[in-house]
Amino acid sequence: MGKLRAPSSCLLSCLLVLFLSSVSAVTDDPQDRQVYIVYMGSLPSRADYTPMSDHMSILQEVTGESSNEGRLVRSYKRSFNGFAARLTASELERVSEMEGVVSVFPNKMLQLHTTQSWDFMGLKQDKGTKRNPTVESDTIIGVIDTGITPESESFSDKGFGPPPAKWKGVCSGGENFTCNNKLIGARDYTSEGARDTEGHGTHTASTAAGNAVADTSFFGIGNGTARGGVPASRIAAYKVCTPTGCSSEALLSAFDDAIADGVDLLTISIGGKKASMFESDPVAIGAFHAMAKGILTVTAAGNSGPQDSTTSAVAPWMLTVAASTTDRSFVTKVVLGNNKTLVGKSVNAFDMKGKKYSLVYGKSAASSACSAETAELCKPECLKQSLVKGKILVCSSPGGLKVVKSVGAIAIIYKSPKPDVAFVHPLPASGLPEKEFESLVSYIESENSPQAAILKTEAIFNRTSPLIGSFSSRGPNTIAVDILKPDITAPGVEILAAYSPDGEPSEYDTRHVKYAVLSGTSMACPHVAGVASYVKTFYPKWSPSMIQSAIMTTAWPVNATGTGIASTEFAYGSGHVDPIASLNPGLVYELNKADHIAFLCGMNYTSNILKIISGETVTCPEEKEYQTRNLNYPSMSAKLSGSNNSFTVTFNRTVTNVGAPKSTYNSKVVPGHGSKLSVNVTPSVLSFKTVNEKQSFMVTVTGKDLDSELPSSANLIWSDGKHNVRSPIVVYTDAN
């Protein structure tokens with residue numbers, strides 16, 4: 001294919017994701033311009049290179065226009081090279097054919113993955129918790145989200161000194177936005193200012209690193225002290241999201257700046273509804289550059305569970321987090337006229353003062369426009385207001401929440417598809433599980449004038465073991481099939497944290513609060529970011545992979561809700577994060593940039609695609625075949641073809657001693673799910689003489705007749721009597 005002249009920037013590797021297969025007719029209609037990202041890899045080392053000038057030069061040549069005002073959307077010029085611009089189809093073709101241009105990809109919109117929790121995990125506020133305050137104060141957490149509320153008490157700088165000397169960022173939050181010595185930086189990529197008008201970014205930032213703020217609650221619910229995992233650390237906020245979503249061009253720009261600003265760790269609760277190929281995933285690309293600079297990126301798994309194969313963050317250089325419960329849950333009881341009590345879920349801040357109201361089932365209040373079956377779902381235009389007004393509306397789906405106020409109902413009871421999660425509602429409400437809802441319907445249909453009283457939400461402390469949220473996205477990994485994802489789980493159900501007074505705590509809600517209760521892997525992600533930062537305060541020189549390994553291999557075993565794949569390691573990875581244990585892992589699995597590139601070679605990626613992800617020209621060795629399952633990852637996973645034959649799978653791993661200089665670890669294998677696996681570890685004993693010494697071993701797994709509906713698993717534990725370094729082993733088939 002013929003090439004246009006090579007602009008100066010294309011003497012470098014150029015990273016641009018190519019989506020041209022759908023471009024057949026070429027037009028230059030200005031109305032057809034769309035935003036595309038032209039990602040150009042590593043920045044050149046030449047002192048005379050100016051990225052902005054080069055980007056404008058490329059645009060001028062592609063568009064034929066002397067002025068590109070309104071064309072250039074964004075320049076990436078601090079941590080990697082590239083730009084985003086508005087291009088027509090023909091311009092897209094021309095830029096893709098320029099010498100050195102590897103890929104161009106369309107800007108797409110991703111979605112947000114929306115106190116007691118830290119105590120539950122053992123990271124308590126009292127003096128008994130080990131801290132390294134000086135280093136913690138020098139630790140900077142970058143939060144890529146919907147912005148932040150700078151006035152929140154969670155981000156007060158009382159008692160803080162000036163920002164760390166390594167900080168190179170700015171406070172560019174827009175009008176009436178002020179940073180301080182706690183919230184040391186802010187950048188906006190939405191043209192709305194860095195102020196959080198939704199609440200999501202404020203919630204995630206305070207969960208990771210918010211100050212300890214006493215007597216916080218959501219209208220009295222969950223009263224206590226709200227705090228982050230590393231309250232002495234600093235925060236830098238990068239706003240990339242608006243109510244319509246989070247654009248990939250803004251995400252890449254935030255990564256570009258955050259890496260150059262000097263953050264120590266990134267937390268990002270944003271992603272698609274399913275995994276994308278690495279070369280077209282802006283989070284994976286940005287996180288790769290962060291990893292190469294020693295910065296760990298913690299990401300949310302997604303909220304598309306319990307369906308399998310829905311985890312959206314699947315690259316091994318990111319730490320992917322699922323969501324689970326704590327030992328506290330919020331319930332809203334429904335007391336019927338016959339004094340029977342049904343237990344539902346809701347964060348219900350409304351007090352009905354014990355007054356009983358009549359119940360009306362949606363299908364009994366059907367309008368002439370709908371059938372009784374449709375009215376049962378309480379769909380819009382299906383309810384006769386005169387039959388509903390002043391009563392408690394009963395619906396067989398949560399769809400009634402959209403109309404309950406407009407039809408004049410005093411409250412709502414609905415059958416909840418997520419009965420393990422309490423949501424905030426704008427009026428008295430209770431979401432019942434199916435059996436409880438059927439009991440309610442039977443009561444309504446058997447009574448002439450059924451009545452009920454919905455009581456205020458109660459906080460119940462009765463869970464001793466965390467359960468995976470039904471909404472939390474599950475594996476297996478659909479892109480890198482031999483990498484187990486998600487990696488870990490953390491509290492993400494009914495989390496109280498700071499919120500934006502400009503936001504609304506729920507849909508159709510007009511109340512405004514400073515602290516709110518939210519659920520989602522978005523809430524779990526900053527918990528692990530806080531733990532990772534906590535580990536880094538004690539081991540500032542540890543690489544991202546060492547921190548990730550410490551968190552994964554010290555995790556608690558957990559239970560998962562659901563059946564089949566939804567209840568296995570594909571729900572929770574290595575287990576539930578344990579902040580205290582992660583400080584003393586004993587052994588770690590280390591990885592560097594070269595290891596990840598070799599892994600990508602093992603996935604048969606071409607040099608062009610490797611350049612897209614890494615930003616460098618990479619040539620995979622032809623003579624060496626790399627097995628992706630041999631990436632030195634803390635978990636072990638293999639996808640096999642077929643389920644009826646016997647099989648043998650091997651995993652090669654290397655561990656680094658970060659515990660006592662002289663130590664001996666013995667291997668032990670504990671059975672897990674599914675068909676029985678035979679696991680042999682060679683050598684079965686590892687002896688170390690010094691700190692940072694490395695020892696290698698091979699795990700051989702044999703078995704037959706794998707269950708096509710359930711992965712088979714075991715756990716390898718290396719123990720020296722003090723440390724238990726646990727790695728899940730998962731084998732599954734195409735049918736899974």
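FYI, the numbering just counts along the sequence from 1.
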Centroid-centroid distance, Phe570 to Tyr732, less than 6.0 Å: yes
field: Validation row, ring centre Phe278 to ring centre Trp317 under 6.0 Å
entry: yes
field: Ion pair check, Lys593 and Glu616, cut-off under 4.0 Å
entry: yes
query: Under a 4.0 Å N-O cut-off, is there an ion pair linking Asp264 with Lys166?
result: yes
field: Pair Glu136-Arg131, salt bridge (Lys or Arg N to Asp or Glu O under 4.0 Å): steps then yes or no
entry: CA-CA 8 Å; Glu136 186 171 320; Arg131 293 278 182 185; 3.4 Å; yes
Looking only at atom types and distance, does a side-chain atom of [X] sit under 3.5 Å from a main-chain N or O of [Y], one as donor and one as acceptor?
X	Y	answer
Ser533	Ala529	yes
Asn657	Ala660	yes
Glu693	Lys689	yes
Asn584	Ala581	no
His203	Ile495	yes
Thr489	Gly575	no
Asn132	Thr537	yes
Ser472	Ile468	no
Ser545	Glu590	no
Ser519	Glu494	yes

Would you say the side-chain atoms of [X] and [Y] include a donor-acceptor pair closer than 3.5 Å?
X	Y	value
Asn303	Thr521	yes
Thr310	Ser304	no
His673	Ser712	no
Thr320	Lys485	yes
Ser663	Asp720	no
Asn666	Ser719	no
Arg653	Asn632	no
Thr311	Arg474	no

message: Does Asn680 form a side chain to side chain donor-acceptor pair (under 3.5 Å) with Ser678? I'd like the steps, not just the answer.
response: CA-CA 7 Å; Asn680 182 57; Ser678 176; over 6 Å; no
Within 6.0 Å of NZ in Lys274, more than 12 heavy atoms from elsewhere: no
message: Within a 6.0 Å radius of atom NZ on Lys662, are there more than 12 heavy atoms belonging to other residues, nucleotides or ligands?
response: no
If I take atom [atom1] from residue [X] and atom [atom2] from residue [Y], how far apart are they, to the nearest 0.5 angstrom?
X	Y	atom1	atom2	answer
Ser637	Ile483	OG	CD1	7.5 Å
Thr654	Leu591	OG1	CG	10.0 Å
Ser280	Ile285	OG	CD1	7.5 Å
Asp256	Asp261	CG	CG	9.0 Å
Met552	Leu319	CE	CG	7.0 Å
Leu484	Ser574	CG	OG	6.5 Å

task: Classify the angle between the aromatic ring planes of Trp542 and Tyr539 as parallel (below 30°), tilted (30 to 60°) or perpendicular (above 60°).
output: parallel
Heavy-atom check, side chain of [X] versus side chain of [Y], under 4.5 Å:
X	Y	value
Leu266	Ile268	no
Lys536	Leu265	no
Asp487	Tyr633	yes
Thr129	Tyr534	yes
Trp718	Thr553	no
Thr700	Val649	no
Arg234	Thr139	no
Val143	Ile235	yes

field: Steps toward side chain to side chain contact (heavy atoms under 4.5 Å, CB included) verdict (Ile479, Met277)
entry: CA-CA 6 Å; Ile479 305 299; Met277 298 299 290; 3.6 Å; yes
message: For Asp420 and Ser470: C-alpha separation, side-chain torsions, deciding distance, then whether side chain to side chain donor-acceptor pair (under 3.5 Å) applies.
response: CA-CA 7 Å; Asp420 57 330; Ser470 58; 2.8 Å; yes
query: How far apart are the C-alpha atoms of Thr702 and Phe647, what are their side-chain angles, what is the distance that settles it, and do they pass the side chain to side chain contact (heavy atoms under 4.5 Å, CB included) test?
result: CA-CA 6 Å; Thr702 57; Phe647 65 87; 5.7 Å; no
task: Might you work through the side chain to side chain contact (heavy atoms under 4.5 Å, CB included) test for Leu716 and Phe697, ending with a clear yes or no?
output: CA-CA 12 Å; Leu716 168 63; Phe697 61 92; 3.8 Å; yes
